[in-house]
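To start, the structure itself, in structure tokens.
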Number of protein chains: 2
Amino acid sequence: MKATIRSVAKLAGVAPSTVSHYLNQTAPLSAATAKNVEQAIAALNYRVNLGARNLRLRKTNSIGVVIPNITSPFFGEIAAVMENKLWEKGFQTLLCISERSPERELSQVAHLVSRQVDGILLVYCSQKSRVAETLKNISVPVVFVDRRVPDQYSVCTDNFLGGRLAARHLATLGHRVIGLLCGEPSVENVAERIEGFELELRRFGLEVPEAYKVKGRQDLQLGLRITDLLQLEPRPTAIFATNDIVAIGAWRKLVESGFRIPRDISIVGFDDIAVSRFLVPPLTTVAQPSREIGGKAVELLIDLVQAGDSVKPPENVILAPTLQVRGSTAPLKKGGVDGKAIDGRLPQKTKSVSQHKSRRPSTNG
Amino acid sequence: MKATIRSVAKLAGVAPSTVSHYLNQTAPLSAATAKNVEQAIAALNYRVNLGARNLRLRKTNSIGVVIPNITSPFFGEIAAVMENKLWEKGFQTLLCISERSPERELSQVAHLVSRQVDGILLVYCSQKSRVAETLKNISVPVVFVDRRVPDQYSVCTDNFLGGRLAARHLATLGHRVIGLLCGEPSVENVAERIEGFELELRRFGLEVPEAYKVKGRQDLQLGLRITDLLQLEPRPTAIFATNDIVAIGAWRKLVESGFRIPRDISIVGFDDIAVSRFLVPPLTTVAQPSREIGGKAVELLIDLVQAGDSVKPPENVILAPTLQVRGSTAPLKKGGVDGKAIDGRLPQKTKSVSQHKSRRPSTNG
DNA sequence: TTGAAAGCGCTAACAC
DNA sequence: GTGTTAGCGCTTTCAA
């Protein structure tokens, strides 16, 4: 049988409350009894039952983390940062992966509440309205992550600014014909990125015609559809993808098709996932401050948890992304569009010699 | 105040046990009382307190997962698979990231036990001996993941076989001069991969001289050190890296330096992380059965949890990896070593025309 | 400085 | 069918 505070007390010849005092240093014990208790604990290999303690204290020192997935690098990093910070602050992480299922997400939140978590960090995937409704019946503090919810606590990236950064970068490089690989605009974060991107472009007197926008689910497949853009006339000289996975899909298709990045075409992503740096050339991208997001969200939640009644008013923390300029973008070549074109699946290199020659002068010199 | 089973009982005009029976369907209730209870629950927005229930039942339906990190794709996928399967089986995941700190890992395990988890899934990072010792004082079932521990339950990849698969692939492609980018052999998994690799090579009458082995921590940096191998004479025509991250480091350095993969050099990785497929050319690699590992580990643990006293004897489940042949490997070119060499940081292409010509026949035809 | 007793919210005999 | 009662293992007044 597992040792309890009673069995320890009995062996030490003291009362259970004395053992409790010893454990929690909530009353001074005589050196003799302290030693007795200590020995009894060691002898029985006693470990406090946190479940029982939590029941009594009405506090579990645990936080629920609900997230669509953790294999995607962005969410994975956020989850990792959260767990780390929570552990350091003495909280256990109860992880729930919703797998982008609204039903699952809702039942996970309900379950966590039932488990008496002290708070919840939520990257929701359901409708904003539905989430808000669910929360009315919930008594524990919730901090929304990577989603902004009015009148609630939330921490997220300034996606609008991110879009603007990307646009400004491409525009100042001289690009005038720009294509867009964008996720579904129903996703708020995506919509904001596009909005920011287009607004900033307009400041440069530019715009992206509808034909130059490829839309779909934000995954690798969407990136591969860059072929659609490559057939347009004039061909875009730069691409903005609303996340790095999409950008990598495009990058891959371009490299496979014999295009040279950034000489033939520049490409900007969003997120700055770890892979982006590995590519050759590495991807220029708008870096989400994922560490800051996770860290700030935990801090905010713990504040809330510890606030008791003196809760501060809802707060939407919006953190600025930063542009990571790397090898996948370059100034527009003078002389306009080169001779490359996509013909079915295979590129036909109508070599314009002058261009091929000037590649990587240092290796050919 | 939060609703309890008592407050519900009072409102419904019944005894607390009746409410409990209603909740757990542990006794038939008359339709009338059932409805009463139901209404009271709804009126008070009552949710069962799982902490209290768990205390009473001495079962928490929770499993601790301790893992070195989750941002590395391999561990991330394993963690994700586990959480999913655990959730489906009705268990909550308590996530602990050890960040490769043995002390932290140990205290996390202790903490989980204190929280009365029903079992632990452990990818340990400390010494095997230390872990084994810790476990002696632990009463909950533990399943080791990605590590083999004699006389304990464990699930892992057949790393030895993985090494052999890589070797056989390269050898049958005709490669004779092969380099190794290997993690520290003190890591058991790494040692096994190398062992298997070299054993299989010997069957082909081949071996890897010490000079052709670059050793270090398994990260991107190690891969970049492929430059050391490229300066050897004869230059290796193929490389085996003990994981994909290292392989990608090498891949990157090769591409940057103007080498063509697989024409100039073939490269094989280990793990099959998602990125590997994105590269151009995509990486040939030994795929770990990460989904199977995670799934099997959960099944084994749940069996153990539910077994009670009829525990089955310790079992080391070893799952076979599979070779994913992709674009980064190709048959050795006849004519032996080509003329490339590393001169400082930049490669000098002493083009041997016959080789350049036959590249990618489909695009040149 | 230590102990007795009550109770956190729940379940499960066992009566009725 | 339903209620009474006794804990699960812990903390915490309050008294001694």
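Proteins get letters first, then strands, A, B, ... in listed order; numbering begins at 1 in each.
The NZ atom of A/K10 sits 14 Å away from the P atom of D/dC10 (whole-angstrom rounding). Going from atom CZ of B/R53 over to atom P of C/dC8 covers 18 Å, rounded to whole Å. Between the NZ atom of A/K59 and the P atom of D/dG9 there is a distance of 23 Å, rounded to whole Å. C/dC8 atom P lies 14 Å from atom CD of A/Q116, rounded to whole Å. At whole-Å resolution of the value, CZ in B/R6 and C1' in D/dT2 are 16 Å apart. When rounded to the nearest whole Å, the span between CZ of B/R47 and P of C/dG9 equals 17 Å. A straight line from CG of A/N36 to P of C/dG3 spans 10 Å, rounded to a whole angstrom. In this structure, A/H21 places its NE2 atom 13 Å from C1' of C/dA5, rounding to the nearest Å.
When the side-chain nitrogen and oxygen atoms of B/R58 are compared with OP1 and OP2 of C/dT11, none of them lie within a distance under 4.0 Å. Between A/N49 and D/dC8 there is no side-chain N or O to OP1 or OP2 distance below 4.0 Å. Distances shown here put a side-chain N or O of B/Y46 below 4.0 Å from the OP1 or OP2 atom of C/dC10. Contact between the side-chain N/O atoms of B/T4 and the OP1/OP2 oxygens of C/dG9 is not found at any separation under 4.0 Å. Phosphate contact (OP1/OP2 of D/dC8, side-chain N/O of B/N54, threshold under 4.0 Å): absent.
Closest-nucleotide positions on DNA chain D for B/T18 and A/A3 were compared, and the one nearer the 5' end corresponds to B/T18. Looking at which nucleotide of DNA chain C each of A/A27 and B/S20 is closest to, the 5′-most match is held by A/A27.
For the side chain to side chain donor-acceptor pair (under 3.5 Å) with B/E188, the qualifying choice from B/R147, B/R148, B/K128 is B/K128, the only one to do so.
Listed nucleotides C/dG3, C/dG9, C/dA13 differ in distance to B/S17; the shortest reach to its side chain belongs to C/dA13. Here C/dG9 is the nucleotide among C/dG9, C/dG3, D/dT2 with the atom lying nearest to any side-chain atom of B/L55. For B/R56, taking side-chain heavy atoms from C-beta onward, the closest of the listed nucleotides D/dT11, C/dG9, D/dT2 is C/dG9. Out of C/dG9, C/dA4, D/dC10, the shortest distance to the side chain of A/I5 is found at D/dC10. Here D/dT11 is the nucleotide among D/dC10, C/dT1, D/dT11 with the atom lying nearest to any side-chain atom of A/L57. Of all nucleotides listed (D/dC10, D/dT2, C/dT11), D/dT2 comes nearest to the side chain of B/T33.
Side-chain atoms of B/S30 and base atoms of D/dG1 include no donor and acceptor less than 3.5 Å apart.
No donor-acceptor distance shorter than 3.5 angstrom exists from the side chain of A/Q116 to the backbone of A/T60, with no hydrogens or angles considered. Formation of a donor-acceptor pair under 3.5 Å by the B/Q92 side chain with backbone atoms of B/I63 is not found in this model.
Within the 4.5 Å cutoff, the side chain of B/I78 has heavy atoms near those of the B/F74 side chain.
Checked against the 6.0 Å centroid criterion, the rings of B/Y124 and B/F144 qualify as a close aromatic pair.
Side chains of A/S17 and A/S20: no donor on one and acceptor on the other come within 3.5 Å.
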